[in-house]
Amino acid sequence: MSIVEDILRLKKEKNAVILAHYYVDEDVQEIADYIGDSFYLSKVATKVDADAIIFAGVEFMGESAKILNPTKRVFMPDATADCPMAHMATREEIRLIKEQYEDVAVVCYINSTAELKTLSDVCVTSSNAVKIVKNLPNKNIFFIPDRNLGSFVAKQVPEKNVILNSGFCPRHVAIFEDMVLAAKEKHPQAKFAAHPECTQDVLAHADFIGSTSEIIDYVVATDAEEFLIGTVDGVFAEIRKQAPGKKLYTVKADQVCVNMKKVTLEKILDVLEHETNEVFVDEQTAKLAMVPLTRMLELAK
Ligand code: 13P
Ligand code: SF4
């Protein structure tokens, strides 16, 4: 029996579903029940009625799924697959900003620990951050942890005072403006689609800026043949499925998320077999972190 057949059999036996982010390898995306960006996956997580969720992604995704659907068992194929940006804000930074601005709303990118979520007013993802910030009653917004998504939002919502934090995605900030210019010179016909975790220098050259799903939809729907992609190359698999004729280029070599890459078919089979790497969130943290996550789902409607 092949590994894929084993996974499908065990998934059925254990009444489990597999949720996968577009950044995991193509062979993992292929066996998933649901693939998407982080907003889509968090919505799916609330509706799953299987007994278990195998989350082919990084820690904050599994943690959010557990918080949003606490009666389900959630498992991570690799317990060390974590997003470094999720840890790039502190309780102390939030306390200081709250002391300084009375009416401030703490807006927390979903790429964050459950602890940071407990200190926040609302969560956002890259696909709904602008909409949510625009509709908040507060003038002052403390955007954590990603300074790049925060800058992008600030530009779209000039009526707000967006205070930035210093977090960043190591993969997206490694795409530099000079690399974009060189890639554009090499592929002059290509449209450039980038994720808002890229720096403002890079985003200034983009024809389209959006979440992973939005980038995929843009490439598929746009009447051009060549695209330069400013995000992790895991999105190529879905684009090739939906629009096989398009030519796709990365800005630089190795546009990969090393943590998402840790998720393999072997590890998925292993957690299905042995029920290891289960996600637990303590009751008090889960109760508090549920508030900004639920508010996100409501405000993004
Ligand atoms: P999306 O919300 O676009 O899926 O992005 C998640 C992420 O981690 C980007 O680096
Ligand atoms: Fe985190 Fe960056 Fe990987 Fe996204 S690409 S999960 S932000 S490290």
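Both ligands and their constituent atoms are indexed starting at 1 by order of listing. Just so it is clear, the values below take in all heavy atoms, side chains as well, and ignore hydrogens, waters and symmetry mates. Everything quoted here is computed from the prediction, not taken from an experiment. Note that the numbering runs from 1 along the sequence shown for the chain.
Taking the side chain as every heavy atom from C-beta outward, Lys131 and Asn135 approach each other to under 4.5 Å. At a threshold of 4.5 Å between non-hydrogen side-chain atoms, the residues Lys191 and Leu228 do not count as touching. Side-chain contact between Gln255 and Thr231 is absent, with no heavy-atom pair separated by less than 4.5 Å. The closest side-chain heavy-atom distance from Arg147 to Met88 is not below 4.5 Å. For the pair Val251/Val202, no side-chain contact is recorded, criterion being any heavy-atom separation below 4.5 Å from C-beta on. The shortest distance between side-chain heavy atoms of Tyr101 and Ile97 falls below 4.5 Å. Counting heavy atoms from C-beta on, the side chains of Leu68 and Ser42 come closer than 4.5 Å.
Ranking protein heavy atoms by distance to atom 8 (O) of ligand 1, first place goes to Asn111 ND2, 3.1 Å. Of the protein's non-hydrogen atoms, Tyr23 CE1, 3.8 Å is the one closest to atom 4 (Fe) of ligand 2.
Heavy-atom proximity to His21, at under 4.0 Å, picks out these atoms of ligand 1: 1 (P), 4 (O), 5 (O), 6 (C). Annotation for ligand 1: atoms under 4.0 Å from non-hydrogen atoms of Ser126 are 1 (P), 2 (O), 3 (O). Applying the 4.0 Å criterion to heavy atoms of Ser211 picks out, from ligand 1, the atoms 3 (O). Near Asp37, the atoms of ligand 1 lying under 4.0 angstrom from a non-hydrogen atom of the residue are 1 (P), 4 (O). Near Glu197, meaning under 4.0 Å from any of its heavy atoms, are these atoms of ligand 1: 7 (C), 8 (O), 9 (C), 10 (O).
Using 4.0 Å as the threshold, Cys169 has no heavy atom nearer than that to any atom of ligand 1. Put simply, no part of Tyr40 is less than 4.0 Å from ligand 1, judged by heavy atoms. Not a single heavy atom of Arg171 lies less than 4.0 angstrom from ligand 1.
Distance alone, capped at 3.5 Å, places no donor-acceptor pair between the Glu238 side chain and the Val235 backbone. Remark: side-chain polar atoms of Glu99 are not paired, donor with acceptor, to backbone N or O of Leu96 under 3.5 angstrom.
Within the structure, every pair that satisfies the ring-ring contact (aromatic ring centres under 6.0 Å, His included) test and touches residues 177-197, not counting sequence neighbours, is listed here: His172-His195, His187-Tyr249.
At a cut-off of 3.5 Å, with distance as the only test, a side-chain donor of Asn259 or Lys262 sits close to an acceptor on the other residue.
Residue-and-atom listing of protein N/O/S atoms under 2.8 Å from atom 2 (Fe) of ligand 2, sorted by chain and number: Cys169 SG.
Salt-bridge check for Lys261 with Asp25: passed, with a basic side-chain N closer than 4.0 Å to an acidic carboxylate O.
Residue Ser38 holds the heavy atom nearest to atom 1 (P) of ligand 1 of all those in Gly36, Cys257, Ser38.
At a heavy-atom distance under 4.0 Å, no atom of Val232 approaches ligand 1. Residue-level proximity to ligand 1 for His195 is carried by the side chain, the only part with a heavy atom below 4.0 angstrom. When non-hydrogen atoms are compared, ligand 1 lies under 4.0 Å from neither the backbone nor the side chain of Phe39.
Ring-plane geometry between Tyr40 and Tyr34 is classed as tilted, the angle between the planes lying from 30 to 60 degrees on a 0 to 90 degree scale.
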